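In what follows, a single structure is set out as structure tokens and then discussed.
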Amino acid sequence: MADVTWGGPPAAGDRRARLLGRDDELRRITELLAAARGGHGGGLVVNGEPGIGKTALLEATASAAEGFRLLRLDGYEAESAIPFAGVHRLTIPLREHVMVLPQRQQQALQVATGLADGPPPDRYLVGLGVLGLLTAAVVSTSPVVCVVDDAHLLDAESLDVLAFVTRRLEADRVAFVFAARDEPQVAERLAGLPVLRLLGLATGPAVRLLTSVSREPIDPATAARVAAATGGNPLALIDLADELSVRELTQSSVDAEPIPVGGRLEAFYLRQVRRAAPQQQLWLLIAAAESTGNVDLVRAAARRLGLAGTWGDEPELRGLVEFGTSLRFRHALVPSATYNGAAGAERRRVHGALAEAAESLGLVELAAWHAAKATIGTDEHVAGRLERVAELAGRRGGFMSRAGVLTQASRLTRPGPVRNGRLVAAAEAALAAGAAGLARSLVDEVGEESLDPVTRGRLTRVRVDHAFFTAGPDVVRGPADMLTAAACFHGHDAAAEQEALLLAFLRALVVERLGRDVPLPALGRRLLDGAGLGHGAERDNGAERDNGAERGDSVAATILRALGTFILRPYREAVPELRVAVAAIDGLDGTDLLKYGVISVALTTALWDDAAIRRCLERTAATARDLGSVQMLDTALWVLSLSLLHIGTPRAAQQHIDQVRELRRAIGYDAEHVVNAALLAWSGGPREGVEAIAEAARAGGFGGVHASGVSALAVRDLAERRYHDAYARLKPFMDEPFLQVTPVNYADFVEAASRIGRVDEAVGYVELLEDMAAVNGSAWTSGLAQRARALVSGDADAEPWHAASVATLGPTSLTVELGRSHLVYGEWLRRRRRRREAREQLSRAVEIFDDAGAPAFAQRARTELAAISRSPTADEPPRRLDLTPQELAVARLAAAGATNAEISATMFISPNTVDYHLRKVFQRLGVTSRRQLAGRLDQS
């Protein structure tokens with residue numbers, strides 16, 4: 001890897017020759033660099049077969065990057081299992097800027113690159129650090145262009161980080177150009193980046209290239225046939241012309257089959273290698289086996305094999321290798337030909353020498369890698385070395401590298417418990433890295449006949465997690481299988497048992513009523529068992545009588561106790577335990593909060609504590625941002641968006657979904673597939689679309705998604721006065737209630753039932769709401785209970801309940817619920833012909849619904865107002881801000897007082913991009929300060 005500022009002319013003639021016929025490709029490069037120079041960064045992935053000209057195009061990029069700071073990075077096979085090895089080499093020239101990064105990003109970079117000890121960092125937090133270094137380098141010097149050759153050989157973590165950084169380049173004077181072979185894993189990790197597929201040269205440029213490098217004149221017709229036979233591969237044309245005579249070229253060109261370019265070139269290079277003396281061939285084999293280009297390591301291994309330290313400098317070899325701070329082969333097929341042409345025993349001897357040399361130089365990971373390559377069959381000593389390397393990878397946050405190294409260790413381990421443990425650990429790491437396919441294949445290799453209980457529990461958990469990660473057919477079995485895992489841990493690992501029980505509950509929330517393998521009472525008993533409250537633990541008048549079972553004092557035990565009590569005992573007994581559990585989560589921070597933050601939504605919703613729902617989930621999201629945990633941030637924002645449909649507004653829920661989309665774009669997923677069925681129903685999406693999404697979720701085992709979508713459609717039915725439809729959608733849920741989920745719909749069911757004359761049926765749910773409100777003291781429960789009571793009361797008795805509901809919900813953040821109480825109160829007043837008072841209530845409802853983004857309810861309120869008289873309030877809703885989702889998110893954060901650096905960390909973009917968006921927002925809205933911005937957003 002080199003770091004230079006390129007300002008000179010293009011390199012010598014053969015580079016120009018190789019770029020014959022690449023005008024369109026060079027134009028793409030020129031446009032990319034011009035955009036970066038002008039402050040609009042980006043990237044390009046150049047892929048194609050060996051010899052097609054990828055490296056030549058990178059050289060052309062360097063030549064065209066006048067005034068840019070040039071960073072080069074090459075991928076090496078021997079480093080592909082060392083996490084963040086590529087990031088380490090890329091950032092060495094940028095270390096002078098490390099101190100400008102936020103402390104967490106500094107620490108993440110140092111831990112990831114092995115420069116410090118600390119908690120394993122998330123790879124996306126490392127990515128933010130790299131992005132910060134690059135933008136700092138731009139500020140201090142000039143635009144930056146990073147050219148990455150052989151990207152397919154980079155370690156997975158580095159490739160993920162660099163792809164993430166490239167996707168987040170917007171208002172940054174930075175460009176990336178990757179060259180890689182067209183391999184599935186590369187395409188997956190670089191997803192979302194523009195791709196330039198490099199094909200063979202067209203006939204005209206190929207003929208010109210061949211005639212320019214041929215040793216003797218060649219007629220155009222023969223040259224055209226040779227060009228066609230090679231597929232226009234530039235390196236094939238150059239090297240084959242150098243080796244073959246015109247007569248041989250002519251014979252090759254009329255063969256029925258095309259020349260096998262890769263095999264022919266490799267054979268060509270092997271012949272060149274074989275022309276060298278035996279000692280020189282051995283030196284080349286050492287260099288080929290040690291793919292990182294470490295000159296010191298190659299020479300140390302050569303000495304161990306009896307070669308002088310100067311081998312490799314001879315003039316005869318300079319046509320195949322280049323020396324500098326590192327060793328480079330002329331082309332990737334040279335080491336391939338050298339290595340593949342050697343006997344297996346000779347290759348293993350070389351790897352053995354490299355392993356010893358790497359060990360002496362302190363290169364632990366490389367030493368283990370080479371030792372594995374030197375081994376035939378099983379070898380516990382070498383497998384143990386690989387396992388230690390895997391542990392190092394895990395400490396640095398390199399889960400994909402850990403999975404790969406443990407997989408290699410398992411191959412060197414005899415069948416039995418140790419091999420099984422390594423396979424399961426590899427599968428766990430693969431899932432943590434998002435490599436579900438690898439995890440599944442590893443699980444399939446485990447020999448289940450010799451599993452100890454703990455390993456069996458871990459294996460079961462991996463299978464459950466895989467099913468949920470891939471939306472596989474076993475989703476509905478998730479709660480039952482996770483309870484099985486917990487049973488395996490019982491008596492062996494209490495912490496693992498409690499974690500499995502909490503996951504069983506979370507899986508139950510996902511599948512809801514579809515999880516019939518585990519009746520809720522059975523789940524509740526297992527949760528209490530795991531909390532340290534065995535079957536013999538009883539309660540008498542709220543006091544616990546413990547028959548020998550100790551109460552667990554951990555946060556997990558506290559949550560399990562609360563959830564088990566909530567499932568099994570009367571609500572009044574559950575509330576104190578639920579509050580203790582919420583308080584325990586409130587006391588957490590960092591990774592501990594990430595572990596339990598999402599499950600808080602079940603506890604806080606059961607308490608009807610809207611403030612606690614927001615607080616716990618927002619703290620979880622903020623912590624996930626701070627730690628760079630994109631996966632947990634995605635989950636927290638998704639759950640918060642669902643919750644805000646009840647405790648906030650559809651508009652706020654949409655803002656969180658927009659953040660989820662932005663996150664998924666950042667990590668290469670298709671964000672257009674992010675659809676929240678419940679939000680779609682609330683925001684006026686097509687009914688058939690919502691129903692289709694809900695039914696597809698149900699078919700896949702995701703009963704929670706199905707229920708939320710159907711419930712939201714029922715609310716939309718209420719808004720549109722389709723009361724029979726709303727009743728039909730909600731009645732099955734009332735008949736089969738599910739934990740904290742169903743009570744939130746009690747008030748909706750009361751409205752539907754009472755409007756179609758089923759008042760007697762509705763009254764029972766009013767009483768349930770009132771009983772819950774008396775126990776939990778929640779304004780949310782009380783306000784809905786009061787509105788529900790008004791709907792089932794006669795006209796003479798309804799008004800105090802209507803007024804009470806508005807008064808109770810008024811001081812809260814339950815915006816849509818307040819609007820609905822104003823609406824039904826206004827409708828009641830209009831029927832009583834109290835027009836002035838009705839107009840006040842309905843006008844307020846229209847304002848709330850317009851601001852909240854609830855169009856169906858807003859239209860219903862307007863219709864009511866129109867029935868009284870025409871008024872300005874009954875006109876169309878106000879025009880919304882003409883901002884993109886990302887611009888609006890930046891504007892709202894800025895208006896709330898966040899600094900550019902804080903907005904950058906929150907949205908996983910660079911400070912330059914924040915500044916760029918704010919300038920556009922200020923100009924578009926006609927404001928000049930953040931204070932004015934806040935006022936402008938409030939008006940819209």
Side-chain angles (χ1 to χ4, degrees), residues 582 597-598 600-622 633-661 674 676-685 708-709 711-712 714-716 718-719 740-741 743-745 747-748 778-784 787 805-806 808-823 844-858 861 877 880-881 885 888-889 891-893 895-896 906 934 937-938 940:
V582 172
V598 171
S600 69
V601 72
L603 306 164
T604 50
T605 303
L607 288 169
W608 292 73
D609 189 339
D610 55 298
I613 293 174
R614 288 176 180 268
R615 182 179 68 247
C616 290
L617 291 175
E618 287 175 353
R619 285 185 66 236
T620 301
L633 177 57
D634 181 287
T635 302
L637 290 173
W638 184 272
V639 174
L640 187 53
S641 74
L642 282 173
S643 299
L644 286 170
L645 292 175
H646 296 288
I647 66 171
T649 67
R651 177 157 288 120
Q654 182 64 61
Q655 290 166 9
H656 286 80
I657 288 296
D658 289 341
Q659 290 185 47
V660 170
R661 289 197 177 103
V674 178
N676 181 327
L679 177 58
L680 190 63
W682 268 94
S683 56
S708 67
S711 298
V715 174
R716 170 124 155 236
L718 293 175
Q740 78 283 355
V741 176
V744 175
N745 294 127
D748 298 327
S778 161
W780 180 10
T781 327
S782 296
L784 267 60
R787 186 172 77 222
S805 180
V806 169
T808 299
L809 296 173
T812 72
S813 60
L814 301 159
T815 306
V816 170
E817 294 296 357
L818 174 62
R820 291 178 65 180
S821 291
H822 279 295
L823 173 60
R844 180 65 183 128
V846 168
E847 293 172 4
I848 289 173
F849 294 138
D850 280 341
D851 187 63
F857 279 111
R880 306 306 305 173
L881 298 173
L888 183 59
R892 291 190 184 280
L893 288 167
T906 296
L937 293 175
D938 288 342
S940 302

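The structure presented is a predicted model; accordingly, all values stated were derived computationally and were not measured. We use all heavy atoms of the structure for the numbers below, so side chains are in, but hydrogens, waters and symmetry mates are not.
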Nearest non-hydrogen partners of [X] and [Y], listed with the distance:
| X | Y | value |
| --- | --- | --- |
| L607 | S778 | O-CB, 4.0 Å |
| S821 | L809 | OG-CD1, 3.4 Å |
| A854 | P650 | CB-CG, 4.3 Å |
| T812 | A779 | CG2-CB, 3.9 Å |
| A719 | A856 | CB-CB, 3.6 Å |
| G853 | R651 | N-NH1, 3.3 Å |

Is there side-chain contact between [X] and [Y], with at least one heavy-atom pair below 4.5 Å?
| X | Y | result |
| --- | --- | --- |
| D658 | Q654 | yes |
| F857 | V715 | yes |
| V744 | T605 | yes |
| V582 | S600 | no |
| S643 | V601 | yes |
| R820 | L718 | yes |

Subject >> Contacts of D610 that satisfy salt bridge (charged side-chain N to carboxylate O under 4.0 Å, His left out) - sequence neighbours left out >> reply: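 For D610, no residue satisfies salt bridge (charged side-chain N to carboxylate O under 4.0 Å, His left out) once neighbours in sequence are set aside.
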
From [X] [atom1] over to [Y] [atom2], what is the distance, rounded to the nearest 0.5 angstrom?
| X | Y | atom1 | atom2 | answer |
| --- | --- | --- | --- | --- |
| R716 | S683 | CZ | OG | 8.0 Å |
| I657 | L640 | CD1 | CG | 9.5 Å |
| L823 | L818 | CG | CG | 11.0 Å |
| Q659 | L893 | CD | CG | 7.0 Å |
| W638 | L633 | CH2 | CG | 13.5 Å |

Original post:
Excluding sequence neighbours, so at least two apart, what forms side-chain contact (heavy atoms from CB on, under 4.5 Å) with A747?
Top reply: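 Counting only residues at least two positions away or on another chain, A747 forms a side-chain contact (heavy atoms from CB on, under 4.5 Å) with L769, L784, R787.
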
**OP:** Give me the ring orientation class for W780 and W608: parallel if the planes are under 30° apart, tilted from 30 to 60°, perpendicular past 60°.
**Re:**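 Rings of W780 and W608: perpendicular, as their planes differ by over 60°.
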
Original post:
Are S641 and V660 close enough, and set up right, to give a side chain to side chain contact (heavy atoms under 4.5 Å, CB included), and what steps lead you there?
Top reply: CA-CA 10 Å; S641 74; V660 170; over 6 Å; no

Original post:
Does S708 offer a backbone N or O that forms a donor-acceptor pair with the side chain of S711 under 3.5 Å?
Top reply: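 Checking the backbone N and O of S708 against the side chain of S711, no donor-acceptor pair under 3.5 Å is found.
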
What donor-acceptor contacts under 3.5 angstrom involve side-chain atoms of residues 611-620, with partners at least two apart or in another chain?
unit_1	atom_1	unit_2	atom_2	d
R614	NE	S813	OG	3.4
R614	NH2	I647	O	3.3
R615	NE	D586	OD1	3.1
R615	NE	D586	OD2	3.4
R615	NH2	D586	OD2	2.8
R619	NH1	D586	O	3.4
R619	NH2	L588	O	2.4
T620	OG1	C616	O	2.7

